[in-house]
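Right, one structure below, let's go through it.
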Amino acid sequence: FSSVKVLPSPAVLLKGMEGSSLGVWVAHGEGRAHFPDAAIFQRVQQANLAPLRYVDDKAEVTEAYPFNPNGSPLGIAALCSEDGRHLAMMPHPERCFMKWQWPWAPPAWKDHAAAPWLKLFQNAQAFAKKATCDAGLGLGGLLLKRGRRGEACDALATALKADEACGEAWTLRAAAF
């Protein structure tokens, strides 16, 4: 379990989380950012394309182990595209979006329905809903339109109708953090 800081960036999934310093599970020491071209590394920094950074116990960005489990430069734990639609990260927020998934939580969280990482998934949901509804498609139709085939996508397309995708079926059961 490491800690990361969410920095301002174009990352769609991290909107509204900027400035947060959160614990997150890491599964292994892989995912080290490597920039053989100094110009690309500089561009990533200038365009705020490294939205998650490993931090120490004082919430300061660090390259030191064990806070930064893979030694990534500048504590980089994630990279995003310039349009914010693509986010690649080494930590695993999917393993800690519910309170019971955390090894420890502040007493102030006792009244919260979920842990802070739920916001990342709510952002994904909102983006998908907007993209599919703006296109006049259900989520399943969007998956098929983009050429993704297979039993899982076909079943999803059958299950999700445009009216359901753009209506109450999108409501999350857990309260926003």
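Count residues from 1 along the sequence. When reading the values below, keep in mind they use all heavy atoms of this one structure, side chains included, and skip hydrogens, waters and symmetry mates.
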Exercise for the section: Treat each ILVMFWY residue as a node, draw an edge where side-chain heavy atoms are under 4.5 Å apart, and state whether L87 and V44 are in one component. Expected result: no
Handout entry: Side-chain (Q101) to main-chain (F97) donor-acceptor, under 3.5 angstrom
Key = yes
Problem - Residues that T62 engages under side chain to side chain donor-acceptor pair (under 3.5 Å), provided they are two or more places apart - result: none
Completion exercise
Here the gap from L74 atom CG to E63 atom CD, rounded to the nearest 0.5 Å, amounts to 5.5 Å
Handout entry: Residues that D111 engages under side chain to side chain donor-acceptor pair (under 3.5 Å), provided they are two or more places apart
Key = none
Handout entry: Side-chain (K99) to main-chain (A105) donor-acceptor, under 3.5 angstrom
Key = no
Completion exercise
Sorted by chain and residue number, the ring-ring contact (aromatic ring centres under 6.0 Å, His included) partners of F35 (sequence neighbours excluded) come out as F41
Practice task
Ignoring hydrogens and angles, tell me if any N or O in the side chain of R85 forms a donor-acceptor pair with the backbone of V12 under 3.5 Å.
Solution key: no
Problem - Nearest heavy atoms of P51 and A78, plus distance in Å - result: CD-O, 3.5 Å
Exercise for the section: Can you measure from CG (L22) to SG (C96) and round to the nearest 0.5 angstrom? Expected result: 8.5 Å
Handout entry: Atom pair CD1/CG of I40 and L79 - distance to nearest 0.5 Å
Key = 11.0 Å
Exercise for the section: With rounding to the nearest 0.5 Å, note down the distance linking CD in Q45 to CG in L7. Expected result: 11.0 Å
Exercise for the section: Answer yes or no: is there a donor N or O on one side and an acceptor on the other, between the side chain of N123 and the main chain of L13, under 3.5 Å? Expected result: yes
Exercise for the section: Answer with yes or no whether the hydrophobic clustering places M90 together with F121; edges join I, L, V, M, F, W, Y residues whose side-chain heavy atoms lie under 4.5 Å apart. Expected result: yes
Practice task
Could you go through the side-chain contact (heavy atoms from CB on, under 4.5 Å) check for L14 and L52 one step at a time?
Solution key: CA-CA 9 Å; L14 299 173; L52 287 182; 4.2 Å; yes
Handout entry: Euclidean distance, Q122 CD relative to K129 NZ, rounded to 0.5 Å
Key = 12.5 Å
Completion exercise
Closest non-hydrogen atoms of R95 and A27, given as atom of the first, atom of the second and distance, are NH1-CB, 3.2 Å
Problem - Heavy-atom closest contact (P91 atom, V24 atom, distance) - result: CB-CG1, 3.5 Å
Completion exercise
Residues S81 and L49: closest non-hydrogen pair is O-CD2, 3.7 Å
Handout entry: For K5 against A59, the heavy-atom pair lying closest together
Key = NZ-O, 2.7 Å
Practice task
Answer yes or no: is there a donor N or O on one side and an acceptor on the other, between the side chain of S3 and the main chain of V55, under 3.5 Å?
Solution key: no
Exercise for the section: Can you sort out the partners of S21 under side chain to side chain donor-acceptor pair (under 3.5 Å), two or more places apart, ordered by chain and number? Expected result: none
Fill in the blank from the handout: By salt bridge (Lys or Arg N to Asp or Glu O under 4.0 Å), E82 pairs with (sequence neighbours left out) R43
Exercise for the section: Taking all heavy atoms of P69 and all of S2, pick out the closest pair and write down the distance. Expected result: CD-OG, 3.9 Å
Exercise for the section: Return yes if some donor-acceptor pair links the side-chain N/O of W117 with the main-chain N/O of H92 below 3.5 Å, else return no. Expected result: no
Problem - Same apolar cluster (I L V M F W Y, side chains within < 4.5 Å links), L120/F127 - result: no
Completion exercise
So NE2 of H34 and CD1 of I76: to nearest 0.5 Å the spacing works out to 12.5 Å
Practice task
Among W102, Y54, F67, find the residue that satisfies the ring pair (Phe, Tyr, Trp, His ring centres under 6.0 Å) test when tested with F1.
Solution key: W102
Handout entry: side-chain hydrogen bond (donor to acceptor under 3.5 Å, both in side chains) pairs, two or more places apart, involving residues 11-20
Key = none
Exercise for the section: Answer with yes or no whether the hydrophobic clustering places Y65 together with V61; edges join I, L, V, M, F, W, Y residues whose side-chain heavy atoms lie under 4.5 Å apart. Expected result: no
